[in-house]
Each structure stands twice: as structure tokens, then as C-alpha cells.
Asker: 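Next up is a structure, given as C-alpha cells.
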Amino acid sequence: QVQLVESGGGLAQAGGSLRLSCAASGRTFSVLPLGWFRQALGKEREFVAAIAANSVGSSFYADSVKGRFTISRDNAKNTVYLQMNSLKPEDTAVYYCAADPDGDYKTVVAWEFWGQGTQVTVSS
């Protein structure tokens, strides 16, 4: 069993930055792949980023955030981060962290554990 709690959301101006955190408890954190998804009002939840549990920590990004967002993990703190730079109004959404996928990590149904989400609002 894994519990995930997001924090760090809030209001930012276009071009600004925010860093989201997701603290985990339960199963050994270091062996779990981790990811971030987001869901805007009236839209379906979509993939944002993922990071592997291997020694290199390979990361993967949606085209819409590549070059602006960075996913990282600190296994000693049982925490995964999403650094968001050059924010755009289109980034406004509830952001969710997830853990332990089976199958295609870009799909919502693949992930077993989810946090409750944190709101990010970007003004123009």
C-alpha cells in the first residue's frame, strides 16, 4: 500500500515558476516508478511526466511541457517533485502524483496509487 500527498500548488503569473511536491508513505519508495498527471476544468486527466526507479532516474515528458517542466525524486525523503518553469495559462489544472504503473505509463488506468491533487492556476 502507498499513500501520496501533493503540495505546492497555488497562483502564478504567466512566465513564472512553481514547484510541486508529493510525499509518499507505505511501500519502499525507491523501487517505485512515479508520475505526474493534470486535469483542467472540463477536460480529461492527461499525462505530464514520469520518472523511473533505475539508478539513472530516466524521465519522460509530455510534448506540451518538455523543456519547461522537470521531474525529480529524492528517495531519502520519499518525495517526488515537479519543477514548473515558464508557466502558461494552459498549465492551469489540478495536478496529481501517481505511483507504480502497469502497462503504458502515459495512460491514467495504468497507475495503481494516486494523491488527492493540488490546484495550479496561471494568470495571463
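Quick note: residue numbers are just sequence positions, from 1. Any value given below was found using the heavy atoms of this structure, including those in side chains, with hydrogens, waters and symmetry copies removed. Note that this is a predicted model, so its numbers are computed, not measured.
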Asker: For residues 19-124, pull every pair meeting disulfide (SG to SG under 2.5 Å), keeping only residues two or more places apart or in separate chains.
Answerer: C22-C97
Asker: Could you report the tightest heavy-atom contact between V2 and L4, atom names first, then the distance?
Answerer: CG1-CD2, 3.8 Å
Asker: Is L87 linked to W36 within one hydrophobic cluster, defined over Ile, Leu, Val, Met, Phe, Trp and Tyr using a side-chain heavy-atom separation of less than 4.5 Å?
Answerer: yes
Asker: List the atom pairs, donor and acceptor, that lie under 3.5 Å between side-chain atoms in residues 98-109 and the rest of the protein, sequence neighbours left out.
Answerer:
from, atom 1, to, atom 2, distance (Å)
D100, OD2, R27, NH1, 2.8
D104, OD1, K106, N, 3.1
T107, OG1, D104, O, 2.8

Asker: Give the C-alpha distance, both sets of side-chain angles, the deciding distance and a yes or no for side-chain contact (heavy atoms from CB on, under 4.5 Å) between M84 and L20.
Answerer: CA-CA 8 Å; M84 304 185 294; L20 306 183; 3.7 Å; yes
Asker: Does the pair Y96 and Q39 meet the rule for a side-chain contact (heavy atoms from CB on, under 4.5 Å), with working shown?
Answerer: CA-CA 8 Å; Y96 300 88; Q39 187 167 16; 4.2 Å; yes
Asker: May I ask whether Y95 and F37 are part of the same hydrophobic cluster, defined by side-chain heavy atoms of I, L, V, M, F, W, Y residues being less than 4.5 angstrom apart, directly or through others?
Answerer: no
Asker: With rounding to the nearest 0.5 Å, note down the distance linking CZ in F47 to OH in Y61.
Answerer: 9.0 Å
Asker: Per the side-chain hydrogen bond (donor to acceptor under 3.5 Å, both in side chains) rule, what does the pair list look like for residues 12-26, sequence neighbours excluded?
Answerer: Q3-S25, S17-N85
Asker: Identify the two heavy atoms, one from I51 and one from S72, that lie closest to each other, and give their separation to 0.1 Å.
Answerer: CD1-CA, 3.9 Å
Asker: Please list all pairs meeting salt bridge (charged side-chain N to carboxylate O under 4.0 Å, His left out) that have one or both residues in residues 72-84, counting only residues at least two apart or in different chains.
Answerer: none
Asker: If you look only at distance, which donor and acceptor atoms sit under 3.5 Å apart when one is on a side chain in residues 114-124 and the other is two or more places apart or in another chain?
Answerer:
from, atom 1, to, atom 2, distance (Å)
W114, NE1, W111, O, 3.2
T118, OG1, G9, N, 3.2
Q119, NE2, A93, O, 3.4
Q119, NE2, T121, OG1, 3.4

Asker: Enumerate, atom names and distances included, each donor-acceptor pair closer than 3.5 Å involving a side-chain atom of residues 62-71, sequence neighbours excluded.
Answerer:
from, atom 1, to, atom 2, distance (Å)
R68, NH1, S86, O, 3.0
R68, NH1, D91, OD2, 2.8
R68, NH2, S64, O, 2.9
R68, NH2, D91, OD1, 3.0

